[in-house]
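Written below as structure tokens is the structure these notes are about.
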Amino acid sequence: KFSELKSDPSCALLYWNPETLTYVTFQGRAEEKSPSEGNNFWREWMQILYKDPKLYTAWHLHVQKIQVVSIGRLESYRKDWRPVELEWVNDGSWKVVCDGTE
């Protein structure tokens with residue numbers, strides 16, 4: 001993933017909660033943090049994920065779009081199933097670009 005993000009920082013991060021049938025997708029651009037900034041995020045329990053902590057890097061996801069679905073609570077009723085979607089506006093606010101209706 002490291003080399004992919006270095007060549008194309010566009011990425012998505014998905015959170016899925018099977019108990020509530022809810023997902024949230026964050027889409028945006030990843031920015032690698034400096035080693036000193038990355039060290040601020042390092043926790044000893046992460047050692048189980050990295051055989052060599054020197055291979056650890058920290059990234060910041062600059063979120064540009066959020067999609068949300070919660071079955072039975074927040075769903076899209078569109079024929080194309082496009083989820084409820086918010087988009088970051090450069091004035092520092094979020095804009096609803098899809099409210100789940102036609």
Side-chain angles (χ1 to χ4, degrees):
K1 202 62 181 166
F2 177 85
S3 59
E4 290 176 18
L5 286 174
K6 289 293 256 185
S7 65
D8 180 5
S10 300
C11 63
L13 179 66
L14 175 84
Y15 170 77
W16 164 248
N17 184 332
E19 292 176 14
T20 61
L21 300 176
T22 301
Y23 79 79
V24 180
T25 303
F26 302 93
Q27 298 174 343
R29 300 184 66 70
E31 172 192 4
E32 184 180 9
K33 304 309 275 179
S34 71
S36 63
E37 290 174 305
N39 288 338
N40 291 329
F41 292 101
W42 178 260
R43 302 293 180 265
E44 284 306 311
W45 64 263
M46 296 166 81
Q47 185 73 40
I48 62 173
L49 303 172
Y50 296 90
K51 292 181 182 178
D52 182 357
K54 293 179 193 121
L55 298 177
Y56 167 80
T57 59
W59 294 77
H60 177 108
L61 176 58
H62 297 277
V63 178
Q64 297 166 325
K65 194 179 291 186
I66 300 173
Q67 296 177 330
V68 182
V69 171
S70 185
I71 305 300
R73 283 170 260 182
L74 183 61
E75 297 182 61
S76 176
Y77 297 99
R78 295 167 50 104
K79 291 178 184 172
D80 63 2
W81 293 6
R82 181 177 177 188
V84 173
E85 189 173 300
L86 303 169
E87 196 170 79
W88 180 251
V89 182
N90 287 332
D91 69 4
S93 64
W94 290 93
K95 175 179 137 184
V96 176
V97 292
C98 179
D99 66 1
T101 62
E102 293 293 331

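In terms of hydrophobic clustering, with Ile, Leu, Val, Met, Phe, Trp and Tyr side chains grouped at heavy-atom distances under 4.5 Å, Val69 and Ile66 are assigned to different clusters. Cluster annotation: Leu5 and Leu61 are assigned to distinct hydrophobic clusters (Ile/Leu/Val/Met/Phe/Trp/Tyr, side-chain heavy-atom contacts under 4.5 Å, transitive). At a threshold of 4.5 Å between side-chain heavy atoms, the hydrophobic network of Ile, Leu, Val, Met, Phe, Trp and Tyr places Tyr56 and Leu49 in one connected group. Val96 and Val63 fall within the same hydrophobic cluster, where Ile, Leu, Val, Met, Phe, Trp and Tyr residues are linked whenever their side-chain heavy atoms come under 4.5 Å apart, directly or through other members.
Summarising the geometry, atom CH2 belonging to Trp42 is positioned 11.0 Å from atom OG1 belonging to Thr57; distances are rounded to the nearest 0.5 Å. Atoms CZ and SG, from Arg78 and Cys98 in turn, are 4.5 Å apart once rounded to the nearest 0.5 Å.
Between Trp45 and Ile48, the shortest heavy-atom contact is O-CG1, 3.2 Å. For the pair Pro83 and Val68, the tightest heavy-atom approach, listed with the atom from each and the gap, is CB-O, 4.0 Å. In terms of heavy atoms, Trp59 sits closest to Glu32 at CE3-N, 3.2 Å. Across every non-hydrogen atom of Gly72 and Glu75, the tightest pair is N-OE2, 2.5 Å.
Counting heavy atoms of neighbouring residues, nucleotides and ligands inside a 6.0 Å radius, atom OH of Tyr50 exceeds 12 of them.
Between Trp16 and Tyr23, the two ring planes are tilted [angle within 30° to 60°].
Contact of the Pro9 side chain with the His62 side chain is not registered, since no non-hydrogen atoms from C-beta on lie closer than 4.5 Å. The side-chain heavy atoms of Gln27 and Gln64, taken from C-beta on, include no pair separated by under 4.5 Å. With contacts defined as side-chain heavy-atom distances shorter than 4.5 Å, the pair Thr25/Leu13 does not qualify. For the pair Val84/Ser76, no side-chain contact is recorded, criterion being any heavy-atom separation below 4.5 Å from C-beta on. A 4.5 Å side-chain heavy-atom check between Val89 and Trp94 finds every atom pair outside the cut-off.
Using a distance-only test at 3.5 Å, with no hydrogens or angles considered, no donor-acceptor pair links the side chain of Ser93 to the main chain of Asp91. The closest donor-acceptor contact from the side chain of Ser34 to the backbone of Glu37 lies under 3.5 Å. Side chain of Gln47 to main chain of Glu44: no donor-acceptor pair is present (N/O by atom type, distance under 3.5 Å, no hydrogens or angles). With hydrogens and angles ignored, the 3.5 Å screen pairs a side-chain donor or acceptor of Asn39 with a backbone N or O of Pro35.
A salt bridge does not link Arg82 to Asp80: none of the charged nitrogens lies less than 4.0 Å from a carboxylate oxygen.
A donor atom on one side chain and an acceptor atom on the other are found under 3.5 Å apart for Ser10 and Arg29.
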For Val97 and Lys95, what are the C-alpha separation, side-chain angles and deciding distance, and is it a side-chain contact (heavy atoms from CB on, under 4.5 Å)? CA-CA 6 Å; Val97 292; Lys95 175 179 137 184; 3.9 Å; yes
